[in-house]
Amino acid sequence: MKYDANGALLSTEIAGMTPISRGKVRDIYDLGDSLLFIATDRISAFDCVMPNGIPDKGRVLTQMSLFWFEKFTWAPNHLICADASQFPAALKPYEKDLQGRSMIVKKAKTIPLECIVRGYITGSGWSSYKKDGTVCGMKLREGYRQAEKLDKPIFTPSTKAEEGHDINISPEEAAKIVGKEKAERVAELAIRLYSEAADYAEEKGIILADTKFEFGEVDGEVIVIDEVLTPDSSRYWPKDAYQIGCSPVSLDKQFVRDYLESLDWDKTPPAPELPQDIVLKTRDKYLDALQRIAGRTL
């Protein structure tokens with residue numbers, strides 16, 4: 001296992017196994033009839049992985065996903081086991097490294113869409129709306145202000161790129177990629193998950209502005225896969241600091257994006273190293289999100 005000077009896990013090594021994927025955050029290993037997902041502490045922005053990580057970030061992502069999996073029992077998901085002490089014997093030497101940041105999950109056929117639900121107009125959606133009154137090609141009514149709540153949540157899928165940028169597409173284009181019935185099913189699931197999570201988060205004093213889901217298929221059933229409603233896949237805003245007309249304070253990696261925007265960096269690799277104060281403040285935001293939403297600490 002490779003850790004940086006702050007104790008952030010940057011990459012994993014398991015004897016006798018080669019990861020079948022090293023994503024921006026997760027290392028995935030094939031266990032035969034299942035997969036091992038390990039959430040490292042890597043952090044990416046603008047499709048670039050930073051050279052140093054955010055300590056405990058992977059544990060926050062895993063614990064947040066587990067919280068939502070447990071809460072939404074009506075939505076089938078890929079989780080088999082998240083207790084590293086119960087993992088196969090070959091993983092025993094790595095139990096301490098894996099505990100809290102890993103899951104053994106079902107092998108699913110990935111549905112090749114990023115399933116984004118937006119409840120507020122912000123980020124790239126706001127930029128697009130200012131330009132031509134649309135968000136991801138969907139025409140919205142006039143009069144929205146930055147960070148304002150939409151009249152109802154909207155499903156704005158994108159392609160799932162192996163490398164580079166995902167491309168926003170319309171629900172009609174999504175149907176052409178995966179079929180009409182499947183596209184309607186994931187849209188239905190995504191909007192319900194978002195809506196119920198947003199209602200719950202609001203009770204905790206948090207606004208869930210938007211989020212991204214991924215879905216797969218096991219034996220013909222559509223299930224939730226990967227991470228769910230984490231600070232990496234969602235925008236969380238503290239309600240007491242929320243204001244319409246500006247970019248709200250966030251409990252997610254938008255803080256890192258904002259820092260990087262202040263640099264003279266062209267958003268292409270190699271990415272700059274994050275300074276210590278940005279690393280620690282970002283860690284605090286992730287831990288705060290876990291505590292406030294899931295009521296959990298590490």
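All values reported here derive from a predicted model rather than from experimental measurement.
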Problem set entry | Atom pair CD (Glu203) and NZ (Lys239), whose distance is rounded to the nearest 0.5 Å |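 Spacing of CD (Glu203) from NZ (Lys239) equals 9.5 Å.
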Problem set entry | Distance (rounded to the nearest 0.5 Å) between Met103 CE and Asp83 CG |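 Here the interatomic distance stands at 13.5 Å.
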Do [X] and [Y] sit within salt-bridge range, that is, some charged N less than 4.0 Å from a carboxylate O?
X	Y	answer
Glu184	Lys180	yes
Asp226	Lys212	no
Lys107	Glu217	no
Asp33	Lys106	no
Lys24	Asp47	yes

Are [X] and [Y] close enough that a side-chain donor and a side-chain acceptor fall under 3.5 Å?
X	Y	result
Thr12	Asp27	yes
Arg235	Ser250	no
Asp252	Tyr286	no

Exercise. Considering residues at least two apart in sequence or located in another chain, which fulfil the side chain to side chain contact (heavy atoms under 4.5 Å, CB included) criterion with Ser21?
Worked result: Ile28
Counting C-beta onward and ignoring hydrogens, is there a side-chain heavy-atom pair between [X] and [Y] closer than 4.5 Å?
X	Y	result
Glu227	Asp232	yes
Arg101	Asp41	yes
Leu208	Trp237	no
Ser170	Cys136	no
Arg22	Ser11	yes

For this session: Applying salt bridge (charged side-chain N to carboxylate O under 4.0 Å, His left out), run through Arg192 and Glu196 and close with a yes or a no.
Result: CA-CA 6 Å; Arg192 182 179 172 188; Glu196 292 190 14; 2.8 Å; yes
For this session: Evaluate the criterion salt bridge (charged side-chain N to carboxylate O under 4.0 Å, His left out) for residue pair Glu188 and Arg185; output intermediate values, then yes/no.
Result: CA-CA 5 Å; Glu188 174 192 22; Arg185 175 61 176 156; 3.2 Å; yes
For this session: Check whether more than 12 heavy atoms from other residues, nucleotides or ligands sit under 6.0 Å from atom CD of Glu95, and answer yes or no.
Result: yes
For this session: Hydrophobic side-chain clustering at under 4.5 Å (ILVMFWY, transitive links): who's grouped with Leu10? Put none if nobody.
Result: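 Joined to Leu10, directly or through intermediates: none.
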Problem set entry | Hydrophobic cluster (4.5 angstrom, side-chain heavy atoms) - remaining members for Trp126 | Ile121, Tyr129, Val135, Met138, Leu140, Tyr144, Leu150, Ile154
For this session: Under the salt bridge (charged side-chain N to carboxylate O under 4.0 Å, His left out) rule, what do Lys2 and Glu13 come out as? Steps first, then yes or no, please.
Result: CA-CA 8 Å; Lys2 180 182 177 183; Glu13 292 181 10; over 6 Å; no
Problem set entry | Nearest atoms (heavy-atom pairs only) where Tyr120 meets Ala147 | CD2-O, 3.4 Å
Problem set entry | ring pair (Phe, Tyr, Trp, His ring centres under 6.0 Å) pairs, two or more places apart, involving residues 181-218 |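 Matches after skipping sequence neighbours: Phe67-Tyr200, Trp68-Tyr200.
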Problem set entry | Partner set under ring pair (Phe, Tyr, Trp, His ring centres under 6.0 Å) for Tyr94, not counting sequence neighbours |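 If we apply the ring pair (Phe, Tyr, Trp, His ring centres under 6.0 Å) test to Tyr94, skipping adjacent residues, there are no hits.
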Contacts under 3.5 angstrom, residues 291-298 side chains, donor-acceptor by atom type, not counting sequence neighbours:
{"residue": "Arg296", "atom": "NH1", "partner": "Gln63", "partner atom": "O", "Å": "3.4"}
{"residue": "Arg296", "atom": "NH2", "partner": "Glu70", "partner atom": "OE1", "Å": "2.7"}

